[in-house]
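Note sheet for the following structure.
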Amino acid sequence: MTHILITGAASGIGRASALKLAAAENARLVLIDRDATGLDTLLKELGSGDWQAAPMDVADPEAWAALDLGGAPLTGAVLAAGISDAAPIVDMSFEDWRRVMSVNLDGAFLALQFALRNAAEGASIVAVGSATGRKAVPNTAAYGASKAALSQLVKVGALEGAARQVRVNAVAPGGVKTPMFSNLDFFKELTALHGSEDAAWSALAVETPLKRFAEAAEVAALIAFLLGPDAISITGATLDCDGGYGV
């Protein structure tokens, strides 16, 4: 039986991971997102199964303290909750800086802390980083800094979990077709300019060597690999899945 915690489960990579992992035999999922409506939609799509939904803010320590797993240890966790920014440093307010850091770094820390405390021996934890945590990109100061810090957090978590054979890794996608991109004003403007979302995605992917953005399900497949037994020797790593963007 697998018992897997997923943050950011209502959309994007978190949602794709939930759909992927729910297909496993005897899967039990704990689905976390502050978007209660999105969680309800996901539960309907998943259908019958052993799913626990917890609408909560990942940056709220009290919510984590109140989360009850029913005494069953976690065999895995996917830390996918995250938000983006789109402003140059000189124009970014401190409030916006803190908003991104609160979800992407504070939330990741609290989720990792909870996962490590409740992990079964041999469990696997995977965080969702970003190519912008390795490669500087204009207008992503808070997002890129939060993801760079996440890679270091993963390394420390890997060392601290090793005594119980708990593996901690991250994936670092480049562009992925998720609401994190498509909800941004600049993407809506790009869609209007090029006439369709498909054309906008293609325009954004020009600087990616493979000339395409990934689907969320592709990243979820890599996450599923890291959670599984074939990745038993991998820990403390951040695996690029960015179409060559960071090369």
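Small disclaimer: the values here were computed from a predicted structure and weren't measured. Reckoned from all heavy atoms, side chains included, excluding hydrogens, waters and symmetry mates.
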How far apart are the closest heavy atoms of [X] and [Y], and which atoms are they?
X      : Y      : result
Ala127 : Val154 : CB-CG2, 4.0 Å
Ala77  : Leu227 : O-CD2, 3.8 Å
Met1   : Thr75  : O-CG2, 3.8 Å
Pro209 : Gly243 : CD-O, 3.4 Å
Leu46  : Ala22  : CD2-CB, 3.6 Å
Thr7   : Ala111 : CG2-CB, 4.1 Å

Pairs involving residues 101-139, ordered by first then second residue, that meet ring-ring contact (aromatic ring centres under 6.0 Å, His included) (sequence neighbours left out): Trp64-Phe114

Can you list every salt bridge (Lys or Arg N to Asp or Glu O under 4.0 Å) pair that touches [range], not counting sequence neighbours?
range            : value
residues 235-247 : Arg134-Asp240
residues 174-184 : Lys177-Glu215
residues 20-41   : Arg28-Asp50
residues 104-125 : Arg98-Asp106

Report whether [X] and [Y] are members of the same hydrophobic cluster (ILVMFWY, side-chain heavy atoms less than 4.5 Å apart, transitive linking).
X      : Y      : value
Trp51  : Leu67  : no
Ile6   : Leu222 : yes
Val176 : Val247 : no
Val128 : Val30  : no
Val58  : Leu110 : yes

Could you check whether any side-chain N or O of [X] sits under 3.5 Å from a backbone N or O of [Y], counting only pairs where one atom can act as donor and the other as acceptor?
X      : Y      : result
Lys211 : Val206 : yes
Ser124 : Leu226 : yes
Gln52  : Asp68  : yes
Ser130 : Thr132 : yes
Thr140 : Ala136 : no

Approximate separation, where rounding is to 0.5 Å, of Ser102 OG and Asp57 CG: 6.0 Å

Gap separating the OH atom of Tyr245 from the CD atom of Glu207, nearest 0.5 angstrom: 5.5 Å

Just distance, no hydrogens or angles: give the donor-acceptor pairs under 3.5 Å from side chains in residues 188-205, sequence neighbours left out.
from: Thr191; atom 1: OG1; to: Phe187; atom 2: O; distance (Å): 2.9
from: Ser196; atom 1: OG; to: Ala199; atom 2: N; distance (Å): 3.1
from: Ser202; atom 1: OG; to: Asp198; atom 2: O; distance (Å): 3.1

Report yes if the side chains of [X] and [Y] come closer than 4.5 Å at any heavy-atom pair, otherwise no.
X      : Y      : result
Ile32  : Leu5   : yes
Leu153 : Val168 : no
Thr2   : Leu21  : no
Leu69  : His3   : yes
Thr178 : Arg15  : no
Leu116 : Val166 : yes

Please list every donor-acceptor pair under 3.5 Å in which a side-chain atom of residues 79-92 meets a protein atom from a residue at least two apart or in another chain.
from: Asp85; atom 1: OD1; to: Tyr143; atom 2: N; distance (Å): 3.3
from: Asp85; atom 1: OD2; to: Ala141; atom 2: N; distance (Å): 3.4
from: Asp85; atom 1: OD2; to: Ala142; atom 2: N; distance (Å): 3.1

Stepwise side-chain contact (heavy atoms from CB on, under 4.5 Å) check, Asn169 with Ile125: CA-CA 6 Å; Asn169 293 291; Ile125 301 168; over 6 Å; no

From CA spacing to verdict: side-chain contact (heavy atoms from CB on, under 4.5 Å), Val171, Ile13: CA-CA 11 Å; Val171 295; Ile13 294 169; 5.9 Å; no

By side chain to side chain contact (heavy atoms under 4.5 Å, CB included), which residues pair with [X], not counting sequence neighbours?
X      : result
Pro179 : Ser11, Ser182, Asn183
Ala148 : none
Leu159 : none
Pro73  : Ala120

Full working for salt bridge (charged side-chain N to carboxylate O under 4.0 Å, His left out) between Lys155 and Glu160: CA-CA 9 Å; Lys155 291 178 182 179; Glu160 295 180 358; over 6 Å; no

Residue pairs fulfilling side chain to side chain donor-acceptor pair (under 3.5 Å) with at least one residue in residues 226-238, sequence neighbours excluded: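 Matches after skipping sequence neighbours: Ser151-Thr238.
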
